[in-house]
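What follows is a single structure, written as structure tokens, with notes after it.
Reckoned from all heavy atoms, side chains included, excluding hydrogens, waters and symmetry mates. Along the sequence shown, the residues carry numbers beginning at 1.
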Amino acid sequence: MKKISVITRNVVQIAVLGIFLFATAPLFAAGLVKQSIDTTDAMATLDNFDRGFYTPQVLHLKPSGGMPIEKLSGKLLHLRAEISEFSSNAMLGVDTTGGKRDTVRGVSQDLTEDALNVLQQTFDNIRDYGGHVIVRICYDPWYNGRSNVTPAHEWVLKHVKQLAPVLSKNTDVIVALEMGMHGAYGEMHSDTSITYDRVAEAVNLMLRNTPPELKILTRTGNYSAKVLGFDNWGVDFHIDGETFAEIAKAKGDTMYRVGMFNDGYLGTQYDYGTWGADCKTSICREEGVAWLEKYSINTPYGGEALTTADGYQVINTPEFLAYEGFRTHTSYLNIQWNNNLINSWKKTLFKQKDFDYDPARVDSLSGFKYINDHLGYRFVLRESWLSDTVGADGILRAKLRIQNVGFGNLTWNAPVRLAVLEDLEGSNLAMCPMPTYYELPDVDSRNIHSRTISIAGGDTVMTFDGNNEIEISTKLNKRGKGRYQVYLKIGEIEFANRVPTGIGSCGEEQPAVYLGKVYFDESVKTSIRPHAFPAAVQKKNAPFVQRERNSVVIRDSEKRYKANGATLR
């Protein structure tokens, strides 16, 4: 994992070899021209289904296999796979055959091939549907919240090793594994057999038996800290401390692979016990958020947001998420729970200004829409410079400014390509231009980072506004002369820009963002001169940040926050 600077913008350069010049061709300067394109955020809810609000579905696995999920409730699924029939401690029901009332329990045994095949078939169905999945596996029958369902620890470890190959095979559709296995709902509570050591052993076993692409989340910061090797959390779990630095160095990339999910999110200032109240013995909110901010930069974070308990501080507001969501890189939430809170977000207007999401521009910008559109990443092309003319060397150069206005970043490395197709604007020809794709393997899409809001002493400071510069140089395999449209394609990800944002190809439109047009003429020779964004361009659309005592105003916000997220008026 590269160390990421939040002070400077990311610059990606692609080296291209093998430039061929025609000696007899006329010479011209290969300048970059700023393209006339719409760079505003259209404020549409995008179909990027590896982030956002999810819908839950339960999968009951049996020794005989059972039925895979075939009819999916949404493109982002929370798969609650339960293996209660493989635990002697799980009560499945009561047998009343012949008038008797016998308790029916599972049997602690190896997971069968039939059961694992049903799990695999469910993943296949999700893939065919074009969806993504957050996975949680536990022993709670039908996820009804039963306590003391976990089998003997040796069986938990056996099941982890048996599940690992199936999970490893499906990392292309798995957003994250919420490491349940223990307790009611797989949330690591309500079970007397649960200990931090046992949870850590099971999670580390899963880490060792699955590829680094699989991100693994525990239920609380304390559990994650134990997995990573921390014991004295209140003393050692501080990202700037010596012990933390030593453990982080020893763990390497695993530090960026282990995160947490939060099913008590925003219900109290402690998230219903997710964060500690005694910072000497547990991980409190600020220490936990600081950890997520730095080490979960490409690891999903989310769960279930709750209504506020009586007598506790109210933080479950869209405005608070517009602060802390960027620090935790919040990427997914349950659309069904808590339904009362979700409905209140839908009825409440968003009161802040956040780049294009300005209440002054929209009559009814709800808090729900703001949250829904900002969960995970949200890419907006803010500026595009392309070669004026591509000459005999065939080299197309580009400089782009992409702003990630979402709470988080891509959690997987989506392939980046340029798409170039003939420009038929104004032509009467009934043609369907086919795009030619050019791979950009050195551009890591995970590094298109969202903004960073840091804590400096008692102050909240925005140190990075989400603007990322990307420099591209690639060789086109074109001949002759012609004008071409250029698009940037990152996986199947939709950008937030207004149309045109798709590549038209014989009636099919593929998600991409329009960069502009270039003219190709192989009869001219190129003289390369370096070009850079003017300073005034660099500052364009920069956020307004005003330091004021122990708080700041961010993008003309009406809300001000202390370091712990408490609001000041």
Between N222 and S282, a side-chain donor and acceptor under 3.5 Å: yes
Reported CD1-to-CZ distance for the pair I342 and F53, which is rounded to 0.5 angstrom: 4.5 Å
Is the shortest side-chain heavy-atom distance between M91 and P141 below 4.5 Å? no
In this structure, are over 12 heavy atoms from other groups packed under 6.0 Å from K75 atom NZ? yes
Indicate yes or no for a side-chain donor-acceptor contact from H189 to the backbone of Y185 under 3.5 Å, with no hydrogens or angles considered. no
Rounded to the nearest 0.5 Å, what separates atom CD in Q109 from atom CG in L111? 8.5 Å
For the CD1 atom of I297 and the OG1 atom of T452, what is their distance to the nearest 0.5 Å? 6.0 Å
List in chain and number order the residues that pass side chain to side chain contact (heavy atoms under 4.5 Å, CB included) with N340, two or more places apart in sequence or in another chain; answer none if no residue qualifies. T307, N338
With F261, which residues qualify under ring-ring contact (aromatic ring centres under 6.0 Å, His included), at least two apart? none
Begin with the C-alpha distance, continue with both residues' side-chain angles, and end with the deciding distance and a verdict on ring pair (Phe, Tyr, Trp, His ring centres under 6.0 Å) for F407 and H329. CA-CA 5 Å; F407 294 151; H329 317 294; 10.0 Å; no
Spell out, as yes or no, whether a donor-acceptor pair under 3.5 Å connects the side chain of N468 to the backbone of I402. yes
Scan side-chain atoms only and decide if Y256 and N298 contain a donor-acceptor pair under the 3.5 Å cut-off. no
Do H159 and Y139 get their side chains close enough for a donor-acceptor pair, meaning under 3.5 Å? yes
State which residue, out of Y223, F244, Y295, W275, fulfils the ring-ring contact (aromatic ring centres under 6.0 Å, His included) condition with F237. F244
Donor-acceptor pair between R105 and S87 side chains, under 3.5 angstrom: no
Mind jotting down which residue pairs meet the disulfide (SG to SG under 2.5 Å) criterion with at least one end in residues 257-337? Sequence neighbours excluded, please. C279-C284
Is the closest side-chain heavy-atom distance between L306 and L266 below 4.5 Å? no
Can the ring centres of F355 and Y357 be said to be less than 6.0 Å apart? no
In this structure, CG of D50 is separated from CG of L410 (nearest 0.5 Å) by 6.5 Å
R446 side-chain N/O to W412 backbone N/O, donor-acceptor pair under 3.5 Å: no
Is a donor from one side chain sitting under 3.5 angstrom from an acceptor on the other, for D110 and Q162? yes
Is there a donor-acceptor contact under 3.5 Å from the side chain of S445 to the main chain of A414? yes
Tell me whether N404 contacts the main-chain N or O of G408 through its side chain, where contact means a donor paired with an acceptor under 3.5 Å. yes
Are Q121 and V118 close enough that some pair of their side-chain heavy atoms sits under 4.5 Å apart? no
Residue pair P511 / I493, side-chain heavy-atom distance below 4.5 Å: no
Of all heavy-atom pairs linking V58 and W142, the shortest is CG1-CA, 4.1 Å
Any donor-acceptor pair under 3.5 Å linking the side chain of N204 with the backbone of V227? yes
Return yes if some donor-acceptor pair links the side-chain N/O of K215 with the main-chain N/O of V258 below 3.5 Å, else return no. no
Going through the distances and angles, do H60 and K62 end up as a side chain to side chain contact (heavy atoms under 4.5 Å, CB included)? CA-CA 7 Å; H60 180 74; K62 302 179 178 181; 3.7 Å; yes
Residue pairs fulfilling salt bridge (charged side-chain N to carboxylate O under 4.0 Å, His left out) with at least one residue in residues 167-193, sequence neighbours excluded: R127-D172, R136-E178, R136-E187
So, N262 side chain and Y301 main chain: donor-acceptor pair closer than 3.5 Å or not? no
I'd like to know if the side chain of N447 reaches the main chain of V443, judged simply by a donor and an acceptor atom lying under 3.5 Å from each other, with no hydrogens or angles considered. no
Does NZ or CZ of R451 lie under 6.0 Å from the centre of the six-membered ring of F464, at an angle within 45° of the ring axis? no
Do the side-chain N and O atoms of T210 and R257 include a donor-acceptor pair separated by under 3.5 angstrom? yes
Output the distance between atom CG (N467) and atom NE2 (H449), rounded to the nearest 0.5 Å. 14.0 Å
Sort and list the pairs that fulfil salt bridge (charged side-chain N to carboxylate O under 4.0 Å, His left out) and have at least one residue in residues 220-235, not counting sequence neighbours. D197-K226, K226-D231
Do side-chain atoms of T171 reach the backbone of L167 as a donor and acceptor pair under 3.5 angstrom? no
May I ask you to test the D354-V405 pair for a side-chain heavy-atom distance under 4.5 Å? no
Will you find, in the side chains of T218 and S224, an N or O donor that is under 3.5 Å from an N or O acceptor? yes
Crowding at CD, E113 (>12 non-hydrogen neighbours, <6.0 Å): no
Looking at W337, I want to see if its CH2 is surrounded by more than 12 non-hydrogen atoms of other residues, nucleotides or ligands under 6.0 Å. no
Just grab all the salt bridge (charged side-chain N to carboxylate O under 4.0 Å, His left out) pairs involving residues 268-280, residues at least two apart or on different chains. D271-R285
When you compare the side chain of L92 with that of S84, does any pair of heavy atoms fall below 4.5 Å? yes
Would one find more than 12 heavy atoms of other residues, nucleotides or ligands at under 6.0 Å from atom CD of E154? yes
Rounded to the nearest 0.5 Å, how far apart are NE2 of H78 and OH of Y143? 7.5 Å
Under 30°, 30 to 60°, or over 60°: which ring-plane class applies to Y54 and Y332, parallel, tilted or perpendicular? tilted
Answer whether the closest heavy-atom distance between the side chains of N316 and Y265 falls below 4.5 Å. no
